[in-house]
Amino acid sequence: METFRGYAVMLNRRHEAVAACQALPVRGKPGMPPIHHAAERSGPAASSGIGAISRWLAGPSLGRASLAALALWAVVESVGLGNAIVHDHDGAWIASATAAIVLLAALVSSIAGFAFSALAGSALAYLKMDPLHAVQTMVLCSTASQLYAAWKIRDSIRWTPLWPMFAAGIVTVPLGVWLLRHVNPSSYVVGLGLFLTIYGCYVVMRRENRVLRGNAWVDAAVGALGGITGGLAGFPGAFVTIWCSMRGWDKLRQRATYQPYILVMQIVTIACLWWQAPARASVAQDFTFVPFALLGAIGGLAVFQRLTNRQFHGAVGILLVVSGVGLLARGL
């Protein structure tokens, strides 16, 4: 028994010695300073710093500051538009009407996340704005509102399944821009408007949703059609939105699919406009309307967050009808 106890004491002392050796600083060679594990200490510090930045970006402080800056920007642009009207500058009334159209179109379209160009385009057609300039203005303002919406739902976006849709749309956007510059788009716009009106009425009146299964090839075909409509009419979201509504998804997954697609197509359209018509594609003057688009997008997304899935499906159908009617008014 005593021998056993002695052996136990020896084991205990050995464990204490090993623990003490592990606690000592590690030395490389005699005379060298001890090696401190700086990477082990800096890792958690860096992670905590990144986490703090992420929390700040997603926190209310940045949101309030951004909203205040946006409101100030809108006030400055409104004062400039009012001053132009007072001094009777050329195009002052058209610019003011465009700002109002952009604000209202962004507010309504951001409820479901699409149809900005269809709504704004039909109104801008009555202002007798040049078609190329009108598409350019709509694309720029739509890009701003889509950026805001995509940022707000960024956690729900799954980028990998979207690549076939993106790739096909990027290929066909230049074709749409070329058609815009060389072909009278009236017949095309009327045809698309008629289709959207009929299909939107069907969506509103149907009682049961028929769920369809998709694959990468169908996604690519839908993305290609959206690229053509994006370049030709500044409206890339029509076919993609219809396809998402057929999949039986909830409102957030639908929007997390066509919202980033529309955003990418709008950016590509701006690049193609600059490339194919650089002399007329300067977008600096159109930045006047961006704050109004962003304010409308904020209001529309706030409404979206309060909708149920059933209400969202109804809103999509109504916006499809409104988009179709707007395109018909624009093309006739």
hydrophobic_cluster_shared for I262 and L147, side chain cutoff 4.5 Å: no
Looking at every heavy atom in both T172 and A224, which two are closest together, and how far apart are they? OG1-O, 2.8 Å
Checking W163 against D219 for the side-chain hydrogen bond (donor to acceptor under 3.5 Å, both in side chains) test, could you report, in this order, the C-alpha distance in whole Å, the side-chain angles of both residues, the deciding distance, and whether it holds? CA-CA 9 Å; W163 282 112; D219 290 346; over 6 Å; no
In sequence, state the C-alpha distance, the side-chain angles, and the governing distance for M138 and Q266, and then conclude on side chain to side chain contact (heavy atoms under 4.5 Å, CB included). CA-CA 9 Å; M138 291 185 295; Q266 302 289 41; over 6 Å; no
Could you measure the distance from the CZ atom of F195 to the CG atom of L327? Nearest 0.5 Å is fine. 12.0 Å
Taking the side chain as every heavy atom from C-beta outward, state whether Y258 and I242 have any atom pair closer than 4.5 Å. no
Is there a side-chain contact between L127 and L124, using heavy atoms and a 4.5 Å cut-off? yes
Quick one: are Y261 and F114 in side-chain contact, heavy atoms under 4.5 Å? no
Let me check something: do I153 and L263 share a hydrophobic cluster, defined by ILVMFWY side-chain heavy atoms less than 4.5 Å apart, either directly or through other members? no
Are I101 and L107 in one and the same hydrophobic cluster, where Ile, Leu, Val, Met, Phe, Trp and Tyr link if side-chain heavy atoms are under 4.5 Å apart? no
I need the I228 CD1 to F235 CZ distance, nearest 0.5 Å. 15.0 Å
Might you confirm whether atom CH2 of W159 has over 12 heavy atoms from other residues, nucleotides or ligands at distances under 6.0 Å? yes
Would you find more than 12 non-hydrogen atoms of other residues, nucleotides or ligands less than 6.0 Å from D90 atom CG? no
Do V321 and L196 come close enough that some side-chain heavy atom pair is under 4.5 Å? no
Candidate pair L119 and L104, rule side chain to side chain contact (heavy atoms under 4.5 Å, CB included), full reasoning: CA-CA 9 Å; L119 297 173; L104 183 60; over 6 Å; no
Closest heavy-atom pair, P236 versus M265, reported as atoms and distance to 0.1 Å, is CB-CB, 3.8 Å
Shortest non-hydrogen contact between A256 and S156, atoms and distance: CB-O, 3.4 Å
Could you grab the distance from atom NZ of K251 to atom CD of Q311, nearest 0.5 Å is fine? 8.5 Å
L328 versus V190, closest heavy-atom pair with distance: CD2-O, 3.4 Å
Do I111 and L307 come close enough that some side-chain heavy atom pair is under 4.5 Å? yes
Close side-chain approach of I298 to L70, heavy-atom, < 4.5 Å: yes
hydrophobic_cluster_shared for I94 and F287, side chain cutoff 4.5 Å: yes
Heavy-atom closest pair (R247 atom, V211 atom, distance to 0.1 Å) is O-CG1, 3.3 Å
OG of S78 to CZ of F292, rounded to nearest 0.5 Å, is 3.5 Å
Once you measure the plane-to-plane angle for F312 and F304, does it fall in the parallel (<30°), tilted (30-60°) or perpendicular (>60°) bin? perpendicular
Under 4.5 Å between side-chain heavy atoms, counting indirect links through other Ile/Leu/Val/Met/Phe/Trp/Tyr residues: same cluster for L81 and V76 or not? no
Which distance, rounded to the nearest 0.5 Å, do you find between the OG1 of T241 and the CE of M246? 11.5 Å
Does the side chain of S245 reach to within under 4.5 Å of the side chain of Y199, using non-hydrogen atoms? yes
Should T257 and W249 count as side-chain neighbours, where that means a heavy-atom distance under 4.5 Å? yes
Nearest-0.5 Å distance, CD1 of residue I267 to CG of residue L140: 10.5 Å
Shortest non-hydrogen contact from A149 toward R255: CB-NH2, 4.1 Å
